[in-house]
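Report on the structure given below.
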Amino acid sequence: MSLEEQIVKLAKAAVKALYGVEAEDSQIQLQKTRPEFEGNITLVVFPFVKLARKAPAQVATEIGEWLMANGEGLIAKYNAVQGFLNLVIGDAFWIQQLEAIDAEANYGQQPDRKQLMMVEYSSPNTNKPLHLGHVRNNLLGYSIAKIQEANGWKVVKTNIVNDRGIHICKSMLAWLKFGNGETPETSGKKGDHLIGDYYVRFDKEYKAQIAELMAGGMDEETAKKEAPLMKEAQEMLRKWEANDPEVRGLWAKMNEWVYAGFDETYKRMGVSFDKIYYESKTYLEGKSEVEKGLSSGQFYRREDGSVWADLTADGLDEKLLLRSDGTSVYMTQDIGTAKLRFQDYPIDKMVYVVGNEQEYHFKVLSILLDRLGFPFGKELVHFSYGMVELPNGKMKSREGTVVDADDLMDKMIADAKEISKDKVNTLQGITEDETNEIARKVGLGALKYFILKVDPRKNMLFNPAESIDFNGNTGPFIQYTYARIQSVLRKSNSPKDGQTAERSNSVSGQTGEAGLDPKELALIQRLCEYPGVVRNAGENFSPAVICNYAYDLACDFNSFYHDLSILNEQDATKRALRLLLAKNVAKVLQSAMSLLGIEMPERM
RNA sequence: GGUCCGGUAGCUCAGCUGGAUAGAGCAACAGCCUUCUAAGCUGUGGGUCUCGGGUUCGAAUCCCGACCGGAUCACCA
């Protein structure tokens with residue numbers, strides 16, 4: 001039973017005994033005691049003031065007295081400040097907590113729920129490389145999967161690759177016309193970048209054609225439709241759907257280039273998938289699901305042949321599911337994908353990590369899946385996150401205002417390497433490879449933390465002109481704290497050192513005459529919060545909660561580290577306690593950061 | 001126009017299931033390395049928590065109404 005649970009129980013008993021009332025759990029309000037007062041945990045007694053008919057301070061004192069008398073020694077002291085009852089928990093309790101934490105290898109991990117959650121994220125189009133917007137999506141998706149695993153879910157990470165459609169044909173067409181057979185090998189470019197260049201090229205040539213047509217007196221609307229390039233792209237799409245061998249061959253070849261490029265980026269970013277679906281393979285399934293819904297009367301067909309769902313009963317509009325020419329739309333393929341996924345896995349909860357611009361889409365999808373009989377349909381989670389904005393607004397692929405994912409990672413790692421050059425004294429005797437590996441972890445750590453620490457729901461700003469920080473509330477700050485601890489632990493094990501590692505395992509409930517230092521106690525208390533933080537992050541789908549906690553823990557440790565010596569402490573018991581504390585801070589920091597997909601360097 | 005989301009220090013962000021004097025980082029300024037890693041620690045300055053009502057012993061937090069910003073309401077994805 002956690003400290004909070006014990007105190008809630010005791011407080012309820014106190015209120016019952018003193019005022020003869022059964023208090024609700026929600027009335028027992030606990031908070032961490034503010035640093036300016038003595039105590040570890042504080043009971044807010046205002047909720048009982050009315051029924052006690054006494055002044056707040058008196059109620060606090062009465063409950064405090066009762067807890068001292070009946071708290072089975074848990075509470076060492078108390079003080080009442082107005083309506084706040086500050087409780088001091090004895091050192092023995094905290095040391096016991098620390099030892100319990102130490103004994104748990106997977107501290108923070110919640111019990112197995114025996115349920116499966118599928119998390120869809122990334123979901124790129126195969127016509128351009130990944131940019132900063134995708135980076136946020138990928139990092140959030142991966143982190144959410146890790147967090148839910150820590151909350152006892154069996155998680156399947158999945159990706160739906162949007163590999164067909166007019167946008168792909170545009171790249172293909174531009175490559176055919178202007179590519180001269182260029183390949184990733186001949187150009188030395190990553191496949192996704194190569195294809196992206198032709199997507200941009202298409203747009204440029206297309207715009208030129210529109211301008212030409214308009215100069216000839218055509219209005220813009222018509223020019224956009226009549227431009228030869230667009231007509232050719234549409235023709236190519238029709239051929240693709242008709243399984244034209246030549247078009248399919250080219251499509252397959254170019255997509256392979258892109259996948260190779262994506263794989264490289266994913267690998268570097270540190271994200272992965274358990275199962276990948278391709279739109280080219282799911283959209284037909286979607287069509288047949290819609291046909292089924294049509295025959296069961298869920299949907300209806302209009303005179304022009306298009307198929308619709310009537311959602312007016314749910315307060316929404318009517319939604320198109322199949323075009324009049326029989327081709328499918330985005331919604332159709334999402335239904336098909338859901339069908340296949342449900343065939344492949346016993347999904348209890350489906351989570352879609354997709355930007356908030358698609359909220360309406362997922363509202364509709366939820367209703368449609370429910371109507372079609374998918375058990376997870378009604379309860380599907382659209383993990384809707386905000387956009388990444390640049391100082392002058394949104395990123396636009398075709399206008400070249402995107403921050404490229406590969407470039408950004410390059411820059412972060414290069415910056416990390418540059419900074420580490422000034423730290424040569426701490427990185428002596430390290431190989432070039434190790435230095436590069438540290439720079440990689442630190443650079444990516446800075447990037448990931450920068451993105452994940454922001455509340456996912458909110459839009460966030462990225463200013464390319466200002467480099468991402470490596471000081472303060474950052475990933476490297478937390479990595480640095482960890483590296484410091486590792487350094488101390490290495491030294492504690494060195495043969496020169498009179499102490500052995502075993503001694504740190506036997507703190508034995510003693511702290512010497514002086515008792516726990518406030519900084520030690522604050523650290524233990526912080527460590528105790530971790531499982532609750534993991535639960536909170538899971539319930540709220542928020543990696544940011546983990547970031548905040550890791551930062552607080554690192555701050556507490558650095559303050560402790562600054563004020564108290566670990567290895568030079570003469571009192572063997574205290575020294576052992578501090579080592580144990582350091583070891584477990586490192587453990588929890590690493591655990592928390594792993595939930596964010598951030599790796600920890602052993603030194604930096 | 002309907003719906004949804006946001007508005008907290010110069011900047012980027014925490015805090016939001018109501019609790020004590022609203023917190024960090026960056027930027028600015030002042031200190032701390034012969035001592036376990038200074039990517040650190042300590043201090044100073046910086047706030048009508050967009051505005052106005054309401055509920056409450058108590059509101060940045062909850063409710064209502066404005067204002068500002070964003071998203072969305074396609075035979076696009």
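Lettering follows sequence order; numbering is per chain, from 1.
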Is it true that Glu569(A) and Lys574(A) have a side-chain N and a carboxylate O under 4.0 angstrom from each other?
no
Starting from C1' on U12(B), measure out to CD on Glu466(A) and report it in whole angstrom.
8 Å
Are the ring of Phe84(A) and the six-membered base ring of A20(B) within the stacking cut-offs of under 5.5 Å and under 30°?
yes
Between the side chains of Asn86(A) and Arg34(A), is a donor N or O closer than 3.5 angstrom to an acceptor N or O?
no
When the distance from CG of Asn540(A) to P of U61(B) is rounded to whole Å, what number comes out?
19 Å
May I ask you to say whether Asp571(A) pairs ionically with Arg575(A), meaning some side-chain N is under 4.0 Å from a carboxylate O?
no
Specify the separation, in whole Å, of atom OH of Tyr482(A) and atom C1' of A39(B).
17 Å
Separation of G15(B) atom P from Tyr551(A) atom OH, nearest Å, is 14 Å
Any side-chain N or O of Arg323(A) below 4.0 angstrom from OP1/OP2 of C76(B)?
yes
Between A77(B), U37(B), A24(B), which nucleotide gets closest to the side-chain atoms of Ala483(A)?
U37(B)
Where RNA chain B forms runs of at least three Watson-Crick or G-U pairs (i with j, i+1 with j-1, under 3.5 Å), the stems are B:1-7 with B:67-73, B:10-13 with B:23-26, B:28-32 with B:40-44, B:50-54 with B:62-66
Considering only heavy side-chain atoms of Ile566(A), the closest of C36(B), A77(B), G40(B) is C36(B)
At 4.0 Å (heavy atoms only), tell me whether Lys394(A) reaches a base, stays on the sugar-phosphate, or touches nothing.
sugar-phosphate
Using the P atom on both, measure G15(B) against C62(B) and round to a whole Å.
12 Å
Euclidean distance, atom CG of residue Leu311(A) to atom P of A74(B) [Å, nearest integer]
12 Å
First encountered from the 5' end of RNA chain B, between Gln82(A) and Lys423(A):
Gln82(A)
What integer distance in Å separates Met460(A):CE from A71(B):C1'?
18 Å
Rounded distance in Å - CD (Gln29(A)) to P (C57(B)):
14 Å
Which of G6(B), G40(B), A20(B) is nearest the side chain of Phe37(A)? It is A20(B)
What I'd like to find out is whether the side chain of Leu316(A) reaches to under 4.5 Å of the side chain of Val364(A), using heavy atoms alone.
yes
Are OP1 or OP2 of A77(B) and a side-chain N or O of Tyr330(A) less than 4.0 angstrom apart?
no
I'd like to check, for Phe46(A), whether its ring lies over the base of G19(B) with centroids under 5.5 Å apart and a plane angle smaller than 30°.
yes
Which is true for Thr327(A) with a 4.0 Å heavy-atom rule: it touches a base, it touches only sugar-phosphate, or it touches nothing?
nothing
Is a donor-acceptor pair below 3.5 Å formed from side chain Thr481(A) to base A39(B), judging by atom type as modelled?
no
So what does Gln358(A) hit on the nucleic acid, given a heavy-atom distance under 4.0 Å: a base, only sugar-phosphate, or nothing?
base
At under 4.0 Å, does any side-chain N or O of Lys453(A) touch on OP1 or OP2 of G25(B)?
no
Can you tell me whether the side chain of Asn86(A) and the base of A20(B) have a donor-acceptor pair closer than 3.5 Å?
yes
